[in-house]
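Basis for what follows: all heavy atoms, side chains included, without hydrogens, waters or symmetry-related copies. Just so it is clear: chains get the letters A, B, ... in the order the sequence lines come, proteins before strands, and each one is counted from 1.
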Amino acid sequence: MDTESTYSGYSYYSSHSKKSHRQGERNRERHKSSRSKDGRGSEKAVTIQAPTGEPLLGNEATRTEEVQDDNWGETTTAITGTSEHSISQEDIARISKDLEDSVGLDCKRYLGLTVAAALGLLVFLTPIAFILLPPILWRDELEPCGTICEGLFLSVAFKLLILLIGTWALFFRKQRADLPRVFVFRALLLVLIFLFVVSYWLFYGVRILDSRDRNYQGIVQYAVSLVDALLFIHYLAIVLLELRQLQPVFSLQVVRSTDGESRFYSAGHLSIQRAALVVLENYYKDFTIYNPNLLTASKFRAAKHMAGLKVYNVDGPGNNAAGQSRAMIAAAARRRDSSHNELYYEEAEHERRAIFPSMARALQKYLRTTRQQHYHSMESILQHLAFCITHSMTPKAFLERYLGAGPTLQYDKERWLSTQWRLVSDEAVTNGLRDGLVFVLKCLDFGLVVTVKKIPFLVLSEEFVDPKSHKFVLRLQSETSV
Amino acid sequence: MSYIPGQPVTAVVQRVEIHKLRQGENLILGFSIGGGIDQDPSQNPFSEDKTDKGIYVTRVSEGGPAEIAGLQIGDKIMQVNGWDMTMVTHDQARKRLTKRSEEVVRLLVTRQSLQKAVHQSMLS
């Protein structure tokens, strides 16, 4: 019915695809559109270029303004059958699910883990091998070595135990994020350990195994020196990986691109990707949840069909349209899910009317007015009510959750916690932070612009105050009538 | 009434016996006191020696028990019912005067005119 080509949602790839996949599918299309003239409710400005055959550079994504979704109760979520690439509702759900569960990047992560584990095992077994090999191979020729060796065995055993516990404490932690590039310090340390152990083995192989050295005490002391050196490398690892970035040197200003909410965080000498991790961890607990409904400026009830999601694909010929439209539809599907929940929530409300009628209706009305209705489903409200009653909380405590927007962590994790973020930076992400650096963390709905500012060099000088100079006695003269 | 530290204080005193007047729940004497070892002696308008931290009578209400008994403004109270008032805090002085169990207080007060009168009588 409209001649212009419009689509709601996002006109870039969902961020799940691997970089290598992206290399293959570079052919993005962007359409030119014009704003609807009769002021229909949804303003979707999509910046576009004519489709090109060459791969497009960089990680840019065109920003689209959010879909107006004031009338969530009345929006139709139809993809009309007239579009070229219409797919059914189930397909959309399936696509969005698929993209959520992509497993593309895991092999890179597991590769790193296995290399580190293998190296760790090798390193741990080396001193034991050093000590055990001579008795196994040339026991008869070895000089007996009594108390001193036993003492050295004991020390090797305990040092290995300490090393084991320290490595477990430091490194055996569940990886909490998947970073785009390898962590430079960790890689350097692995290389260092590898070279170190290799050189020890070389020396051992040439000077001890080949020549069948008979001085067993010397061999054991060699093994002890290896373990000592390993402990020192462990200390180096702690300092490089953990301690160096504790002292705050930079102050990161994080501004959300959609509504301008901003916070400041302190960071030490980190690489950009680790600073991005720090920002994201704090983002989820400090920033209020992103509410697209609050960004809308105008309400136009007549624009129901525009607020709905019709996906047309009107592009040039010879274009591999299926792939792109799937991406577009999938990106739009995320929006669809929320509107579906809202429809269900409307229906469910009729069912539970028996339970908390007046409260439920009033609360829903309030939520609708403050445009928070899509964060709280009926079940979650009832669950929260049961929770508050169980713990004898006051009504105010129950309402506190709905009165204002809280941080993202407060809400249903599966729906609102985006696990896919893209780090957009014009420098290599393993570079260290420096003053004036700017990078952007993008997720599907919005972006976080991070500016790095160096904490200024502080000059503290001392001023001595004589304690007698500021002590005084208050002298009164009171009069009491008796 | 100059006071030399370390030496006993000597003064010519007058005995004043005040019968407290009952006003509702309280027993009042009808005068106001000022001074004390925790107060600032330099602000005392009645003392001859501005380092004197004794208790002085700053105001006598008209027709009250104190005026009837002969207490005058500017008197320094030396004793109350046997209790010393030359080295007490302001609040201690108040408490000693306003004991609910006592209906009569016997004060020993001194004033400069007394000293002069004694001098003159001695000279003549």
Flag if over 12 foreign heavy atoms under 6.0 Å of [atom1], [X]:
{"X": "A:Phe264", "atom1": "CZ", "result": "yes"}
{"X": "A:Tyr366", "atom1": "OH", "result": "yes"}
{"X": "A:Lys365", "atom1": "NZ", "result": "no"}

Distance (rounded to the nearest 0.5 Å) between [X] [atom1] and [Y] [atom2]:
{"X": "B:Arg94", "Y": "A:Glu479", "atom1": "CZ", "atom2": "CD", "result": "14.0 Å"}
{"X": "B:Arg59", "Y": "A:Thr480", "atom1": "CZ", "atom2": "OG1", "result": "11.0 Å"}
{"X": "A:Ser478", "Y": "B:Gln39", "atom1": "OG", "atom2": "CD", "result": "3.5 Å"}

> Which one, B:Asn26, B:Ile33, B:Leu27, leads in non-hydrogen pairs under 4.5 Å with chain A?
Replying inline: B:Ile33
> Given a strict heavy-atom distance threshold of 4.5 Å, which part of B:Leu97 is in contact with chain A: side chain, backbone, both, or neither?
Replying inline: side chain
